[in-house]
Every structure is written in structure tokens, then in C-alpha cells.
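Working notes, beginning with the structure itself.
Just so it is clear, the structure is predicted and the values come from calculations on it, not from any experiment.
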Amino acid sequence: MASLAPTTPWTAGAKDDYRDCPVTTLKVDMHTERLIIANAVMAVVTLALGGIAALLIALTRWQAIHLLPAVWFYRLLTLHGIDMLIAWIVFFEMAGLHFGSTILLNARHAAPKLAWTGFIMMTVGGLMANAVVLFDPNSNVMFSAYVPMKAHPLFYLSYILFAVGALITVITFFINVVTAKREGRFTGSLPLVVFGLMTAAILATYTLLEGAAAIVPAFFWSLGILKTYDPGIYRNFFWGFGHPAQQVNLAAMVSIWYALAQMTVGIRPVNENSRALPSSSTCSSSTLVRLITCWLTPVFPSPGSRQYILCHVPCCAWFHDARLLHSCCFGNCPTRQRL
């Protein structure tokens, strides 16, 4: 295995340093490298926890074994949902945002302390959620935690910490991109992969704010400060977080596919400008559909209703179209192009 290249200061006397990647020849900021490793490790840890919970759930559903009692089944089902549908995916996406906003732009990390603050909040929130679910018998409310089911206040606080930490990391992504532009690390428009990650970051900002609109009142409700909390309002805001989060996953996933295709076999898109259109349409259509949903339905629509058809079918269609456009536009030319 090749040893890491020695680190070099970005500028004379600067505290920030980097190393040259021997494979891609890109500059790897050392702050970014440590942040990527930390987020990737936590992603694998939460994925492992969710996977273990899934195995135990499957052995319980298998009637010949029926491993766990009902209480523990629902505890692990809640834990599985938190780790597999939220935690591990978001940790990995945060690592991708650090990678795209610095290494792919040959730029430095402009706000490492802020980024570490976000990571610590996410880690504390994620681990707290797992602990509360495992040790509090009243917190087996599934990851969606539908009102009027009430969990321990620490359950909602863990969600808030995780979401705020993720939002801080998204903010550092924007800071890094702006700093790289001002320092002349790239000219013109963003490279394709970074553009896709920018789409994911914009969607993530909106998605996390929707989640906060659902969870923060639930936190006050669990403390008794808020006497009542309408279940329809909670579900509307919660799935304003849940469904657009899949668009975040889509944008980040396809962006990483582009990067891997470029780095491994040298594939490049036929036209970089046209390839940016699906990401833009995914971002705008997701927001449009959500606004229509809020306008038409004060509560979550039932399948088959007019509201469901008007709001959810177009969302699924745009989701599919974005994936189809991304898949069909791949070029076959091995000529290397900027990521």
C-alpha cells in the first residue's frame, strides 16, 4: 500500500495543511480528511446497529424462532428505523459534502471548528436516540413517532440535536464553496459532482427545517409545556421532512456515482451543462410538490384520494424522470474531465 504523501501548508505560515493524493493528484485538506473519516466511521457504526436490529427483528418475525417479546420487538423496530432511515445515510452524506466542497475543488476547509461542532451534535443526538429507545420502555414509538404517541423528552431532543448538527454541516458546505470561489480555486460554474451535492445541500436545508417544524413542538408537548399537538399537523410536517429527504439521498447518490465513474474508468458526461438540468429539476419540483401538498391538505392524504393523486403521483414521476435523465445521458468517452 502506498504511503500517504507528506502534508504541505496551503500558504506560508498558515495553520491549514494538505497532502497530494497520489491517485487523483487532488489536494486533500487534512481537516477535511479527518472530518470525512469521522463521519464515515459513525455511518458504519449506525449502519451496523441498524443491521443487528434488523436481524433480531427478522428472527422474531420468523415464527419458528420468535426470538423477542413484543416490547423488545418494537424497541428494536424503532431503533432500526432511526439508524437505517436517518442516521447512517445522513452521516455518509455529510462526509460527501465535506469531500465535494474542498477536495474536488482543490480548496481548503474554511470552517473546520464549525464542522466539528456539527459532527459532535450529530453524534450525541444519534447515540442518545439509540440509548433512549433501548432503555426507556415508553419510547418505542417508531422512528416516525406519530402523535399522540408520546416518547421521553430526550427522544425528541436527540432528533433536534442530530438535525441541528446536520444543518451546521450543510452550512459549512456553502461556506467552503463560497470561500473556494473567492480564492479562485475554480472558475465559471461548479463542477458537475459539486453541483449535484449543492442540490442535495439545498434540499437538505429545506428538509431539516421541515423536520424541526414537526419535532420542536413535539419536544415541548412531551415536556407538558404544549398542552395539545394536532396529529395531522405533525404528520404533515414530519413527512415534509421524510419524503424530500429521499430527494436528498437521490442527489447525493447520483453525484457520487459521477465521481466514481470519472475516477475509475474516466467516463464523462456528453454535455456537463445539460447534465445539471435533472438536478435542478429535482430540487425545484420537490419544493413545488411540497408547497402544493401544504396548500391542498391540512392532514396527510389517504391513498386513492384526489389529494394523494395530485400531490404524490407527480412527485414520484419527477423522481423517476430525474433518475432516468441521469442514467441516459452518460457519455462513453474516456477523456478525463474535471469532477
Side-chain angles (χ1 to χ4, degrees), residues 31-32 34-36 38-40 42-43 46 82-83 85-102 109-130 143-145 153-180 194-220 234 236-253 255 279 282-284 286-287 290-291 294:
H31 292 298
T32 299
R34 289 186 282 268
L35 284 163
I36 290 173
N39 279 277
M42 281 306 302
T46 52
I82 293 170
D83 286 334
L85 296 176
I86 300 176
W88 94 267
I89 298 175
V90 176
F91 271 118
F92 232 109
E93 287 169 348
M94 297 303 106
L97 293 183
H98 289 305
F99 175 73
S101 63
T102 57
H109 202 298
K113 291 183 179 179
L114 187 62
W116 279 112
T117 301
F119 170 76
I120 291 171
M121 293 183 69
M122 288 178 62
T123 302
V124 171
L127 296 179
M128 182 189 297
N130 281 265
F143 94 100
S144 53
L154 290 178
F155 178 88
Y156 302 104
L157 181 60
S158 66
Y159 269 41
I160 294 170
L161 287 173
F162 188 89
V164 172
L167 186 59
I168 289 174
T169 303
V170 171
I171 291 171
T172 64
F173 171 85
F174 295 127
I175 292 174
N176 287 336
V177 171
V178 171
T179 302
V194 185
F195 183 89
L197 292 173
M198 174 70 79
T199 302
I202 294 170
L203 286 170
T205 303
Y206 160 79
T207 299
L208 291 168
L209 292 176
E210 281 262 16
I215 298 300
V216 171
F219 173 62
F220 291 121
Y234 175 86
N236 199 12
F237 281 121
F238 181 85
W239 288 112
F241 154 78
H243 288 306
Q246 308 313 310
Q247 306 283 347
V248 180
N249 300 338
L250 170 68
M253 175 185 67
S255 298
S279 294
T282 301
C283 181
S284 58
S286 175
T287 305
R290 181 62 189 147
L291 291 174
C294 291

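- Counting heavy atoms from C-beta on, the side chains of Glu210 and Trp239 never come closer than 4.5 Å.
- For the pair Ala200 and Val248, the tightest heavy-atom approach, listed with the atom from each and the gap, is O-CG1, 3.7 Å.
- The side-chain contact (heavy atoms from CB on, under 4.5 Å) test applied to Ile120 returns Val124, not counting sequence neighbours.
- Note: Gln247 CD to Thr207 OG1 = 8.5 Å, rounded to the nearest 0.5 Å.
- Every residue was checked against the ring-ring contact (aromatic ring centres under 6.0 Å, His included) condition with Phe219, not counting sequence neighbours, and none meets it.
- A 4.5 Å side-chain heavy-atom check between Leu127 and Met42 finds at least one atom pair inside the cut-off.
- Closest non-hydrogen pair, Ala129 versus Ser158, comes out as CB-OG, 3.3 Å.
- Partners of Phe155 under the ring-ring contact (aromatic ring centres under 6.0 Å, His included) rule, at least two apart in sequence or in another chain, are Tyr159.
- Distance check: Leu167 CG to Ile160 CD1 gives 13.0 Å after rounding to the nearest 0.5 Å.
- A search for side chain to side chain donor-acceptor pair (under 3.5 Å) contacts involving Asp83 returns Asn130, not counting sequence neighbours.
- Side chains of Met128 and Phe162 form no contact here, defined as non-hydrogen atoms less than 4.5 Å apart.
- Within the 4.5 Å cutoff, side-chain heavy atoms of Ser255 are placed close to those of Leu197.
- Shown here for Ala214 and Phe237, the closest heavy-atom pair between the two residues is CB-CB, 3.6 Å.
- The structure places CD of Gln246 at 11.5 Å from CG of Leu203, a figure rounded to the nearest 0.5 Å.
- Judged by distance alone, the side chain of Tyr234 and the main-chain N or O of Ala145 form a donor-acceptor pair under 3.5 Å.
- The minimum heavy-atom distance between Ala204 and Val170, with the atom names listed, is CB-CG2, 4.1 Å.
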Exercise. Determine, step by step, whether Asn176 and Thr32 satisfy the side-chain contact (heavy atoms from CB on, under 4.5 Å) criterion, reporting the C-alpha distance in whole Å, the side-chain angles of both residues, the deciding distance to 0.1 Å, and the verdict.
Key: CA-CA 11 Å; Asn176 287 336; Thr32 299; 5.8 Å; no
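- At a threshold of 4.5 Å between non-hydrogen side-chain atoms, the residues Thr172 and Leu35 do not count as touching.
- Screening residues 116-128 for side-chain hydrogen bond (donor to acceptor under 3.5 Å, both in side chains), with sequence neighbours left out, gives no hits.
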Exercise. Show your working on side-chain contact (heavy atoms from CB on, under 4.5 Å) between Phe174 and Thr205 and close with a plain yes or no.
Key: CA-CA 11 Å; Phe174 295 127; Thr205 303; 3.8 Å; yes
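- Of all heavy-atom pairs spanning Gly125 and Leu161, the tightest one is CA-CB, 4.0 Å.
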Run the side-chain donor-acceptor check on residues 85-98: report pairs under 3.5 Å with partners two or more places apart or on a different chain.
residue : atom : partner : partner atom : Å
Trp88   : NE1  : Met84   : O            : 3.3
His98   : ND1  : His109  : NE2          : 3.3

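- Annotation: side chain to side chain donor-acceptor pair (under 3.5 Å) contacts of Thr169 (sequence neighbours excluded): none.
- Separating the CG atom in Leu157 from the CD1 atom in Ile215 is a distance of 11.5 Å, to the nearest 0.5 Å.
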